Amino acid sequence: MTLRLYDTATRSVRDFVPQTPGSVTLYLCGATVQSPPHIGHIRSGVSFDIAIRWLRASGYAVTFCRNVTDIDDKILRTASAEGAQWWAIAERNQRAFARAYDVLGCLPPDVEPRATGHVPEMIVLMRRLIEAGHAYPAGGDVYFDVSSYPEYGALSGQRPEHMRAADDTDSDGAKRDPRDFALWKGHKPGEPSWETPWGPGRPGWHLECSAMSTKYLGATFDIHAGGLDLVFPHHENELAQSRAAGDGFARYWLHNGLVRLGGEKMSKSTGNLLLVDRMVTQVRPVELRYYLGQAHYRSDIEFSAAALEEAVAAYRRIEGFLIRAAELAGAGSPSAGAGTAGPDVADAELSGATLPGSELPGASAGLPTAGSLPAAFTAALDDDLGVPQALAVVHEAVREGNTALAAGDAAGTAKQAAAVRAMLAILGLDPFAAPWAGGGDPGLRDVVGALVQVALDQRQAARARKDYPAADAIRDELAAAGIAVEDTPAGPRWELQR
RNA sequence: GGCGGAAUGGCCGAGUGGUUUAGGCAAGGGCCUGCAAAGCCCUGUACGCGGGUUCGAUUCCCGCUUCCGCCUCCA
């Protein structure tokens, strides 16, 4: 079974055949670093992180380029409003994006080029376009001549004659046609500028992606990804520039659906409510990742607190199974292995049942291979990255694993646990893998474990003499301290309340 | 005005020309438990509206309604 992907350019699901067998070049439109990321931004990161993990697990060597747009109107406006340097605003927000990608477990790109670092490449591309008759300098700006490129509109299905004229103010007078778009914006007082053969100025929005994708991935590359709201004008314009210049450009276009709030796309004001930094104080990052990743990447997500809570519950069900499975596989009796059982401890205990040929660090190296995964899971992801169906397979394995666990079937439990972890690794959700695992001071954990054990021993003694009020009081006190106690056939186990 | 997407059981969310019609959450019943918790089993019989094609439509076609995205700030 081969991977099939929905290609926006053809509006159909197509077999994915990379340009060079065995390797994939992928460009993702990353952040315009004009504000900190909200969950809409990061959903895109998560969606394509899963795509990249799947490509790698499928045996492709993926070269992943994710750009940063570090100059635009809004960055300049913010800088001016705050009395700060534009580059300081960009830098600050770029760091916030980097934090968000990291905290949600998105694998880093192989290269993360910034627009302002690639002006020479932009100049070359502009020259090529001007010489080919597809662009013209005017009034200090450089414009792409839409009428010179008959294919314009093909990606987004727009007909130029039906497009509304741009109502932007600044430079309309210089354009030959209102639909022409700026490759380069002429210098204005108070704005940063770079020298070009056509005068000083700054990059237009679209030019950078053509210049940088070509530089790092080649004139023709496999996949161009980004949010659905970038199809027009951004990606349309990129495509026009690059094709008009004679480059093949992207062979597949992937677009993720948007996150909405209150029935509408997240705006600046509503987005502030859903900043990643804020969300991860309300749910654990891995739970937020589960929420953002669980829907199909092309579906819109209507944010709701209730839906987020459901995702949390679903993830904890999976995680709970893995923790109990690790305890069983590890120390024979749950009480011995439990408690101290942060996932990292459990990880060690599970080592006997680890993934085939994998250390599972969450880094690109250790992903399970597609062949080692359940066939239904593989088939789901091969079908345009069908994460919802893939998660159904995960949940079925969890249920079977829980049944084995209840029966004391260690081998069966370990088998299901290994399968679940392998599948979760592809989705970036393995609780025992980086960046979710670990944390905490091992020494402190041992101390806490010993203290809890004292309390549990007293509770067991109370239970043995059928003094249930005393036993329940101990359990209640532990609960109040944030420790959940469960009795199992093999004795009590505890863990920190999640 | 143009282009595109969507409407599924209490909720989230897949999917399919029919017979076993995902999965999760919540709910009810049961098992287990001293009680819980966790887990397992069972239950609910859903596809916006109106036509059409068909032996049969939630799935295909036409029309309609509502919602959403884009039409040069956007993930």
Side-chain angles (χ1 to χ4, degrees), chain A residues 8 11 28-32 34-35 37-45 47-48 69 72-75 77 153 156-168 178-182 204-206 225-234 236-237 255-260 263-268 271 290-291 294-296 298-302 304 306-318 320-321 324 376 380 383 386-396 398-399 401-403 405-407 463 466-469 471-472 475-476 479 484-489 492-493:
Chain A
T8 304
R11 299 186 190 287
L28 171 61
C29 272
T32 300
Q34 55 193 200
S35 59
H38 55 58
I39 59 173
H41 294 120
I42 217 67
R43 185 220 181 163
S44 183
S47 294
F48 295 115
T69 300
D72 84 324
D73 294 349
K74 203 175 282 181
I75 292 170
R77 227 180 298 137
S156 60
Q158 307 275 339
R159 303 293 318 150
E161 58 269 28
H162 288 144
M163 290 178 194
R164 287 179 183 170
D167 55 26
D168 63 327
R179 287 166 288 255
D180 291 351
F181 59 90
W205 177 31
H206 317 294
L228 198 57
D229 53 354
L230 296 182
V231 175
F232 192 92
H234 185 50
E236 190 73 69
N237 290 356
H255 291 99
N256 64 277
L258 305 180
V259 177
R260 290 180 286 132
E264 291 177 3
K265 179 176 158 181
M266 302 210 319
S267 65
K268 183 141 170 53
Y290 185 96
Y291 172 66
Q294 65 168 351
H296 187 91
R298 288 195 286 117
S299 299
D300 281 352
I301 293 177
E302 172 72 42
S304 81
L308 178 59
E309 284 309 311
E310 288 182 10
V312 168
Y315 184 73
R316 288 183 181 182
R317 171 179 159 77
I318 298 168
F321 162 64
R324 292 189 302 276
D383 184 11
V387 172
Q389 301 95 315
L391 279 173
V393 179
V394 170
H395 276 102
E396 278 160 18
V398 167
R399 181 161 35 74
N402 275 325
T403 299
L405 197 55
R463 293 180 73 203
K466 304 218 189 294
D467 182 358
Y468 295 118
D472 290 348
R475 185 170 62 194
D476 290 345
V485 175
E486 296 174 7
D487 294 315
T488 78
R493 64 178 293 274

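Throughout, a chain's letter reflects where its sequence line sits, starting with A, and its residues are numbered from 1. If you're wondering where the values come from, they're calculated on a predicted model, not measured in any experiment.
Summarising the geometry, the separation between CG on Asp383(A) and P on U16(B) is reported as 8 Å, rounded to the nearest angstrom. The nearest whole Å value for the distance from the CD1 atom in Ile318(A) to the P atom in G24(B) is 10 Å. At whole-Å resolution of the value, NE2 in His296(A) and C1' in G5(B) are 13 Å apart. If you take OH of Tyr468(A) and C1' of U33(B), they are 10 Å apart, rounded to a whole angstrom. Between the OH atom of Tyr291(A) and the P atom of C25(B) there is a distance of 17 Å, rounded to whole Å. The nearest whole Å value for the distance from the NE2 atom in His234(A) to the P atom in C3(B) is 24 Å. Counting to the nearest Å, the C1' atom of G69(B) and the CE atom of Met266(A) are 14 Å from each other. At whole-Å resolution of the value, CD in Glu396(A) and P in A14(B) are 17 Å apart.
On the P atoms, A22(B) is 14 Å away from U45(B), given to the nearest whole Å. Nucleotides U53(B) and G17(B), compared at atom C1', are 12 Å apart to the nearest Å. Comparing the C1' positions of A57(B) and C61(B) gives an interatomic distance of 11 Å, to the nearest angstrom. Spacing of C1' atoms, G18(B) relative to G10(B), comes out at 28 Å, to the nearest Å. Across the C1' atoms, U21(B) and A27(B) are found 22 Å apart, a figure rounded to whole Å. Across the P atoms, C40(B) and A26(B) are found 12 Å apart, a figure rounded to whole Å. Spacing between C47(B) and C60(B) at atom C1', rounded to whole Å, works out to 16 Å. Across the P atoms, G1(B) and U59(B) are found 28 Å apart, a figure rounded to whole Å.
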Report task. Please assess Leu28(A) against Ser44(A) for the test side-chain contact (heavy atoms from CB on, under 4.5 Å), listing each intermediate value before the final yes or no. Result -> CA-CA 9 Å; Leu28(A) 171 61; Ser44(A) 183; 4.1 Å; yes

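Applying the Watson-Crick and G-U wobble criteria (two distances, each under 3.5 Å), U45(B) pairs with nothing in any strand. Base-pair partner of C60(B): G52(B) (Watson-Crick or G-U wobble, both distances under 3.5 Å). Base-pair partner of A37(B): not found among the strands shown (Watson-Crick or G-U wobble, both distances under 3.5 Å). Across all strands shown, U19(B) forms no Watson-Crick or G-U wobble pair with both distances under 3.5 Å. Using Watson-Crick or G-U wobble geometry with both donor-acceptor distances under 3.5 Å, U66(B) finds its partner in A6(B).
A pairwise comparison of heavy atoms in Ser156(A) and Phe232(A) identifies OG-CD1, 3.2 Å as the closest pair. Closest heavy-atom contact between Leu258(A) and Leu228(A): CD2-N, 4.0 Å.
For Asp487(A), whose side chain is taken as the heavy atoms from C-beta onward, the closest listed nucleotide among C35(B), C70(B), G15(B) is C35(B). In the set A75(B), U72(B), C3(B), A75(B) carries the atom at the smallest distance from any side-chain atom of Asp229(A). Comparing atom distances between the Arg324(A) side chain and each of A14(B), A22(B), G39(B) picks out G39(B) as nearest. Among the nucleotides U72(B), G39(B), C11(B), the one closest to the side chain of Asn402(A) is G39(B). Taking the side chain of Arg317(A) as heavy atoms from C-beta on, and the options G23(B), A75(B), C40(B), the nearest nucleotide is C40(B). Taking only side-chain atoms of Phe232(A), from C-beta outward, the nucleotide of C12(B), G24(B), U72(B) with the closest atom is U72(B). Comparing atom distances between the Glu264(A) side chain and each of G34(B), A75(B), C68(B) picks out C68(B) as nearest. In the set G4(B), A75(B), A22(B), the nucleotide with an atom closest to the side chain of Val259(A) is A75(B). Of the candidate nucleotides G23(B), U72(B), A75(B), U72(B) has the atom lying nearest to any side-chain atom of Phe181(A). The nucleotide whose nearest atom lies closest to any side-chain atom of Gln389(A) is, among U72(B), A14(B), C73(B), A14(B).
Listed pair Ser299(A) / A14(B) meets the phosphate criterion, a side-chain N or O lying under 4.0 Å from OP1 or OP2. Within the structure, a side-chain polar atom (N or O) of His41(A) is placed less than 4.0 Å from OP1 or OP2 of A75(B). Put simply, Gln158(A) has no side-chain N or O that comes within less than 4.0 Å of OP1 or OP2 on G4(B). Proximity of Lys265(A) to the phosphate of C70(B): a side-chain N or O atom is located under 4.0 Å from OP1 or OP2.
No donor-acceptor contact under 3.5 Å links the side chain of Asp300(A) to the base of G69(B). The base of G34(B) sits within donor-acceptor range of the side chain of Arg463(A), with an N or O pair under 3.5 Å. Residue side chain Arg475(A) does not reach the base of A37(B) through any donor-acceptor N/O pair under 3.5 Å, judged by distance alone.
Side-chain contact between Thr32(A) and Lys74(A): absent, with no pair of heavy atoms (C-beta onward) separated by less than 4.5 Å.
Sequence order on RNA chain B of the closest nucleotides to Pro388(A) and Gly227(A) puts Pro388(A) first from the 5' end. Comparing Tyr290(A) and Pro469(A) by the nucleotide of RNA chain B that holds the closest heavy atom to each, the one mapping nearer the 5' end is Tyr290(A).
The aromatic rings of Tyr290(A) and His395(A) sit perpendicular, their planes meeting at an angle over 60°, well past the 30° parallel limit.
Between the side chain of Glu236(A) and the main chain of Val231(A), no donor-acceptor pair closer than 3.5 Å is present. Although no hydrogens or angles enter the test, the distance criterion places a donor-acceptor pair under 3.5 Å between the side chain of Asn256(A) and the main chain of Gly227(A). With hydrogens and angles disregarded, a donor-acceptor distance shorter than 3.5 Å links the side chain of Arg324(A) to the backbone of Gly320(A).
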